[in-house]
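To start, the structure under review is shown below, and the notes come after it.
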Amino acid sequence: MQYRPTEIEPKWQQRWAEARVAEIDVTAPGDKLYMLNMFPYPSGDLHVGHGRNYILGDAVYRYFRMQGRAALNPMGWDAFGLPAENAAIKRGTHPREWTLGNIARMKGQFARWGILYDWSKEIASCEPEYYRWNQWLFLQLYKRGLAYRGTAPVNWCPQDLTVLANEQVVDGRCERCGALVEQRELSQWFLKITEYADRLDAGLDTLEHWPEKVKLMQRNWIGRSLGADVDFPVPILEHSIRVFTTRPDTIFGATFMVLAPEHPDVQKLIGDLPEREEIEAWITTVRNQSALERQEAGKEGRFTGKTAINPFTNEEIPIWLGNFVLPQYGTGAIMSVPAHDQRDFEFAKQYGLSIRAVIRPTNGEPPVDEAFTVKDDSGVIINSGPIDGLTVPKAIERIIEIIQERGLGKGTVRYRLRDWLISRQRYWGTPIPMIYCEKCGLVPVPEDQLPVTLPLDVPFTGREGNPLAKHDVFVNVPCPQCGAPSRRETDTMDTFVDSSWYFLRFITPRDDERIFDSKIVDRWLPVDQYIGGIEHAILHLLYARFITRTLFDMGLLTFEEPFTRLFNQGVITKEGFKDTHGSWVSPAEVKVRDGKPYRGEEELTSEVTKMSKSRMNVVPPDELIAKFGADTERVYTLFIAPPEKEAAWSDEGVIGAYRFLGRVWNMGVAIIAAERKAESPSVQVTRKMHQTIDAVTSRIERFEFNTAISALMELSNTLGEAVQADGGAELRPAYEALLQMLHPFAPHATEELWSMLGNEGFVLTSKWPVADRALMAEDTVVIAVQINGKLRAQVEVAAPPDEQKVMDAVFANDKVRSHVSGKEIVKKIYVPGKLVNLVVR
RNA sequence: GCGAAAGUGGCGGAAUUGGCAGACGCGCUGGACUUAGGAUCCAGUGGCCCAAAGCCGUGUGGGUUCGAGUCCCACCUUUCGCACCA
């Protein structure tokens with residue numbers, strides 16, 4: 001009987017589905033475990049690169065099931081978003097149809113991979129039952145002043161015709177479409193994530209089981225800096241200008257001040273200048289530049305002709321405007337210390353401003369006024385009156401005290417993080433539940449009128465912005481307070497709002513009374529194991545941590561961190577081909593000659609990149625499954641590389657996984673057919689089995705699937721030899737343990753073999769084997785003998801080895817004796833159980 | 001520029017605390033079985049060497065140690081993240 005995966009896989013998929021093996025009653029007692037893969041955007045067909053994420057999650061899920069855990073593994077759809085709308089414009093389908101079609105296809109794909117989800121918990125964020133609670137959440141945030149409408153310079157994508165969050169701008173471009181983002185002054189909806197900056201930063205320290213990399217990325221994004229706000233009097237203004245600095249210790253070296261061109265005092269400062277018009281024109285230019293253009297322009301400034309007073313030196317220092325000072329950060333004004341800050345130094349050099357050193361560096365060299373020195377914590381402060389002689393960190397502490405005593409300012413903490421812009425001028429999203437009334441102003445939709453349903457009958461032209469704004473029935477509504485004709489808000493929410501609490505909804509997905517049941521959620525959350533791509537290291541995970549905290553503050557949750565363990569799988573890469581214009585070429589058109597790729601006569605370049613449709617280097621799983629089966633794809637995907645690392649897909653490599661499963665299969669058939677039966681399996685087989693159980697268990701726990709599978713291959717090789725030698729039915733227990741441990745990776749084949757062996761029930765519901773340490777141990781130990789650090793011999797000693805036994809064996813060994821004869825033994829080093837090193841002279 | 005991670009055969013990758021480098025797999029070579037082989041099975045496979053013995057070998061150069069892929073210092077390369085955040 002041959003291994004034919006395509007014949008057995010659909011059968012087992014159907015049996016698992018019929019038995020509803022993955023469905024869980026959240027109110028039933030049990031040793032709970034909440035597993036979660038980040039819910040996907042339903043973009044259509046999945047490729048084997050996507051598969052890695054889900055296969056990995058399923059393997060872990062199956063393992064925990066076999067460990068007896070009550071494991072919940074739900075799945076849903078992050079179903080709102082721009083691609084659906086773009087597809088509607090391009091192909092004339094409705095975003096809803098397009099989205100639901102994709103969901104159906106992806107569900108089928110998950111099934112063919114043999115992935116078990118509790119579909120009774122399925123949610124789709126585009127359904128009113130879900131987004132209703134999105135709106136409810138927004139209203140709670142609004143009530144608490146955490147959602148507000150404000151005018152601010154915002155990122156505008158001219159391609160997608162919508163605003164973007166700061167987090168969605170990458171290198172000055174729209175994260176989605178790549179268009180250059182423009183700065184516009186617009187009135188938009190924001191969530192006050194900045195109010196949680198300190199808690200989001202401090203909370204990172206409690207996340208022991210998160211990758212350091214992700215925590216660091218979040219920490220940098222929040223950008224906490226300690227420093228001081230200091231007021232510099234400005235004679236002409238009759239008020240002071242406040243600056244923020246992280247280096248108050250260098251205040252005696254502040255020789256000028258720079259304001260952002262957007263600073264509110266600019267007009268008053270330049271009003272009387274003859275060159276005023278030129279300066280204003282320059283300011284306009286700078287303001288219209290994107291952040292990227294601003295930086296590329298280099299450092300530029302204009303002198304206001306006015307001075308401020310350095311409150312410590314009492315000197316008059318010139319006030320400049322500079323394009324490198326950011327209006328949104330700190331106070332939009334800085335004190336410049338060119339001797340100790342790179343940017344200030346460049347600016348001072350460019351405009352001939354004075355430089356004064358106030359720190360003597362650690363190396364003791366006398367400081368030079370015309371040079372710049374980097375931050376040096378053991379440097380000593382000079383020329384700075386009361387703080388002279390202190391080291392930098394001490395001086396920072398002391399000067400802040402002095403600033404506060406003299407009423408010049410205060411110590412402050414500032415964050416780089418800015419409020420989260422959540423309104424989008426697009427159709428396919430959660431309507432923001434607000435109404436504009438001429439009399440009452442902004443009026444929230446009353447909670448009992450939720451959901452504000454997204455109308456389906458809108459035209460998709462792709463022009464003139466949001467189609468919702470043209471839907472009269474949707475837009476024109478009476479004011480909930482006074483009944484006067486009013487206008488509904490037509491902006492929709494950023495889809496990251498949807499995904500920042502969905503993991504709570506999975507517990508009680510059909511509850512139409514409340515967003516979730518706090519009591520049950522309290523038992524299941526936080527998520528024990530969260531799995532997803534590193535691309536969400538900042539956006540989604542930061543927003544989810546923020547929303548979780550707001551719900552905590554509302555008294556709905558008892559925890560502040562939603563995800564206990566986080567795992568980020570690496571992407572799968574494959575070779576792709578580019579033509580001379582840099583466009584990707586389908587591999588079907590590529591012919592290889594002399595080891596070089598060609599399309600016709602045109603020589604192509606090849607590049608190994610992330611698997612994606614646009615790069616034409618995807619491997620569709622269905623073809624692979626038709627040829628080798630889903631189990632082969634699963635085993636190969638997890639075997640190819642450590643799961644957190646990038647992995648290169650190799651079509652040739654897949655065969656190795658297939659052969660392995662074929663060997664396991666044939667071995668099973670042979671064991672079932674075996675008539676001979678020895679008394680018991682050989683010591684070698686028993687020992688290997690227990691060693692493998694031990695290794696595979698700990699490796700799965702540590703997410704080292706590639707070496708877990710290699711350990712299973714070793715056991716399979718050992719058993720294969722035993723079958724050749726004895727073919728005995730006594731190998732059954734070891735073989736069954738192999739099947740059990742293989743089950744998370746190759747669920748279909750192991751179920752089939754398990755039932756062929758006559759077992760009742762699923763492997764999935766069987767109990768994970770336990771290693772017997774006594775049977776694992778070897779009865780002899782091979783000890784390496786080194787002489788002067790070089791391997792010279794190996795001796796075998798009965799286990800457990802002790803020093804006396806080992807040394808007796810070592811000196812009885814001929815090779816050792818020939819090497820040490822006539823030499824003096826200086827030192828004997830014995831590493832228990834491993835080796836002996838003799839140092840001779 | 002700043003920050004982080006990583007450099008091991010032809011390839012993907014193994015190697016708890018420093019202790020036999022290259023597990024496992026792909027590929028390759030030879031063989032078996034075959035009308036056939038891009039199926040299957042067996043053997044071999046880091047380099048130098050006909051082979052053995054031996055020597056060399058984990059990005060480069062130093063260091064610590066009886067012993068270094070692993071620890072320390074300097075450098076090179078690659079990838080990722082941040083990017084005027086005062």
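All values derive from a computational prediction rather than experimental measurement.
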Touch class at under 4.0 angstrom, heavy-atom based, for [X] against every strand present:
X: A/R414; result: nothing
X: A/K299; result: base
X: A/I655; result: sugar-phosphate
X: A/E652; result: sugar-phosphate
X: A/N706; result: sugar-phosphate
X: A/R663; result: sugar-phosphate
X: A/L216; result: sugar-phosphate

[X], nearest nucleotide to its side chain (from [options]):
X: A/I829; options: B/rC24, B/rG12, B/rG19; value: B/rG19
X: A/E714; options: B/rA83, B/rG12, B/rA23; value: B/rA23
X: A/A784; options: B/rC20, B/rG12, B/rA86; value: B/rC20
X: A/S710; options: B/rC82, B/rG13, B/rA23; value: B/rA23
X: A/T246; options: B/rA83, B/rA86, B/rG13; value: B/rA86
X: A/R659; options: B/rG12, B/rG19, B/rC26; value: B/rC26

side-chain N/O A/R219 vs B/rG81 OP1/OP2, d < 4.0 Å: no
N or O in side chain of A/S225 less than 4.0 angstrom from B/rA86 OP1/OP2: yes
Close residues, residues 320-332 of chain A, relative to RNA chain B [heavy-atom separation under 4.0 Å]: A/F324, A/V325, A/L326, A/Y329
Just how far, in rounded Å, is [atom2] of [N] from [atom1] of [X]?
X: A/E646; N: B/rG81; atom1: CD; atom2: C1'; value: 14 Å
X: A/E575; N: B/rG12; atom1: CD; atom2: C1'; value: 15 Å
X: A/F639; N: B/rG12; atom1: CZ; atom2: P; value: 13 Å

Which residue lies more 5' along RNA chain B, comparing A/A711 with A/K645 via nearest heavy atoms: A/K645
For B/rG9, glycosidic torsion class - syn if within 90° of 0, otherwise anti: syn
Under 3.5 Å donor-acceptor pair, A/Q342 side-chain atoms to B/rG1 base atoms: no
Bracket notation of RNA chain B in which parentheses pair within the strand, [ ] cross earlier pairs, and | pairs with another strand (Watson-Crick or G-U, under 3.5 Å): (((((((..(((......[....)))((((((.......))))))(((.....)))..(((((..]....))))))))))))....
